[in-house]
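A quick write-up on the structure given underneath.
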Amino acid sequence: MSTPRSVAFYTLGCKLNYSETSSISRLFEQAGYREVPFEEGAGIYVINTCSVTDFADRKCRKIVRQALRQSPEAFVVVVGCYAQLKPEEIAHIPGVDLVLGAAEKFRILDYVDGLSKAPGKGLVFAGEVKEAKTFSDAFSFGDRTRSFLKVQDGCDYKCSFCTIPQARGESRSDSVEHVVANAQKIADLGIKEIVLTGVNIGDFGNGSEVIEGTRKKKEGLFLDLIRELDRVSEIPRFRISSIEPNLCTDEIIDFVASSTRFVPHFHMPLQSGSNKILKLMRRRYFRELYADRVARIKAQMPHACIGVDVIVGFPGETEADFLDTYHFLTDLDVSYLHVFTYSERANTPAPEFDDPVPVEERRRRNEMLSILSEKKAPVLLRTTPGPNPAGPF
Amino acid sequence: MHKEKGLVSGFTDNYIKIEMPFQEGLINAILPAALTGIRRTGNVEVSVAFSASSNPLANFSGIQTC
């Protein structure tokens, strides 16, 4: 049985979304709402969506149905990346009352307070993504023993397959001082591990100030951030969630190798092991740079875990291109692969490219790399010295 | 944590997912662990040198899962 001042959350997607859901939940808590488990029945359901997978729409509909099954009179609010990309589409999902875009989601209480249940489509407050210029900090707490700390948002890269810049806007960051203050707050809550999250965290340092009308003023770079965080002695473990290979500098690698708090774990998107496909994807590196980064990490930290994102079936990827990727990854000293099957995303250049790969073939390639990933995992076990610090459980 | 299954799980520094039998005081602890085998789940079994008194956050509330 729900009460009007109760709220439940559902998060789809990445660590960044989890950190933001957690911060939104604290806004409700401060306003006197009681958070309840999703299955318990709440007065308000907040669904934080993702746009990376092509199942976003289907998943969103499913969660809305589940929420209304628990509590038929509940208000349903949809926020997040998919809400920014397709607000009208979501507003027409039966049962959705409110859709908030990237610039509006942290002001959710302003909108919820005036909400009334009415027939017809939901209300939409989703401005142009270019309006999302300010940085809203966030960190997760309470649902896991690790905390995901948001340090950066948005992306200035123009990868030809990606919708994230349209969903989250330009790259912008917190300040070093404020991230350190948040880390201290997290430490005070008893958390022992912080995972630094963002869309493109290696690009940390972008403020909202623009120089000469074009360039963003950069100060306090990612290296400066991790150096300062390393001084937060109450947090024994920091983990970098994911970093672009072209931004994973020698200095960052060397610093992690020398730190007792930053753990030897790197997750770097590769996307393809074919330089032809990397160019089509508009990535900012070639495979040689990626191999160089891996070699540098392993030379400094032989037991480091290196995770890789790969996309298979990108338009124009021939069997030979795919095998280039397969063999490149086979030879590369990495620990696991996150394999994504390419899917066409609206308003990106890639679907217009020549030679799309049949869906069945995309799946076959995904299977091949997934099997390769399984074969990679035991190697790390053999190279890991013991005893090894483990937890937090 | 999978208290209901009698297991706790976590990660090593280098992101190996590990599991071991549940003990109340393990929650939110980071301890030296020796890797001892691989479970059917694919997770790695560990043994840790642990005593309840060595973990001041053993009863920390608000943490339910890893």
Side-chain angles (χ1 to χ4, degrees), chain A residues 18 22 29 35 37 140-147 187 189-193 195 234-242 256 259-267 297-298 301-307 334-336 373-374 377-393, chain B:
Chain A
Y18 278 92
S22 192
E29 195 183 317
E35 184 179 345
S140 65
F141 166 67
D143 51 349
R144 291 161 197 251
T145 51
R146 300 184 285 166
S147 174
L189 292 165
I191 298 279
K192 302 234 179 105
E193 178 174 327
V195 183
E234 296 90 338
I235 297 289
R237 249 191 199 178
F238 286 99
R239 204 178 287 276
I240 299 168
S241 62
S242 175
V256 171
S259 169
T260 55
R261 294 200 174 84
F262 276 84
V263 295
H265 175 204
F266 292 82
H267 189 96
I297 293 167
K298 284 292 184 175
M301 296 162 272
H303 64 298
C305 174
I306 303 177
V334 295
S335 315
Y336 63 89
S373 182
E374 283 175 27
V379 178
L380 188 63
L381 291 180
R382 286 198 290 273
T383 56
T384 297
N388 201 308
F393 292 96
Chain B
M1 177 182 66
H2 304 289
K3 190 176 177 180
E4 68 282 2
K5 295 180 193 165
L7 295 171
V8 286
S9 62
F11 290 94
T12 62
D13 278 1
N14 61 344
Y15 211 54
I16 296 170
K17 184 144 193 203
I18 45 139
E19 281 182 358
M20 64 174 295
F22 177 82
Q23 292 179 61
E24 196 66 47
L26 283 174
I27 302 307
N28 203 32
I30 297 177
L31 299 162
L35 312 183
T36 55
I38 299 180
R39 302 181 73 91
R40 281 186 185 172
T41 56
N43 295 340
V44 174
E45 278 180 344
V46 291
S47 66
V48 297
F50 166 74
S51 68
S53 60
S54 68
N55 180 11
L57 292 171
N59 295 314
F60 185 76
S61 60
I63 301 294
Q64 286 100 37
T65 58
C66 283

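Keep in mind the model is a prediction, meaning the values are calculated, not measured. Here is the naming used below: chain letters follow the sequence lines, and residue numbers restart at 1 for every chain.
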In terms of relative ring orientation, are B:Y15 and A:H265 parallel, tilted or perpendicular, with 30° and 60° separating the classes? parallel
Closest heavy-atom pair and its distance - [X], [Y]:
X	Y	value
A:R237	B:T12	NH2-C, 3.3 Å
B:I30	A:P236	CD1-CG, 4.1 Å
A:G190	B:N28	O-ND2, 2.8 Å
B:I16	A:L380	CG1-CD2, 3.8 Å

Heavy-atom side-chain contact between A:E193 and B:F11 under 4.5 Å: no
Portion of A:F266 that has a non-hydrogen atom of chain B nearer than 4.5 angstrom: neither
So CZ of A:R239 and CG of B:N14: to nearest 0.5 Å the spacing works out to 8.5 Å
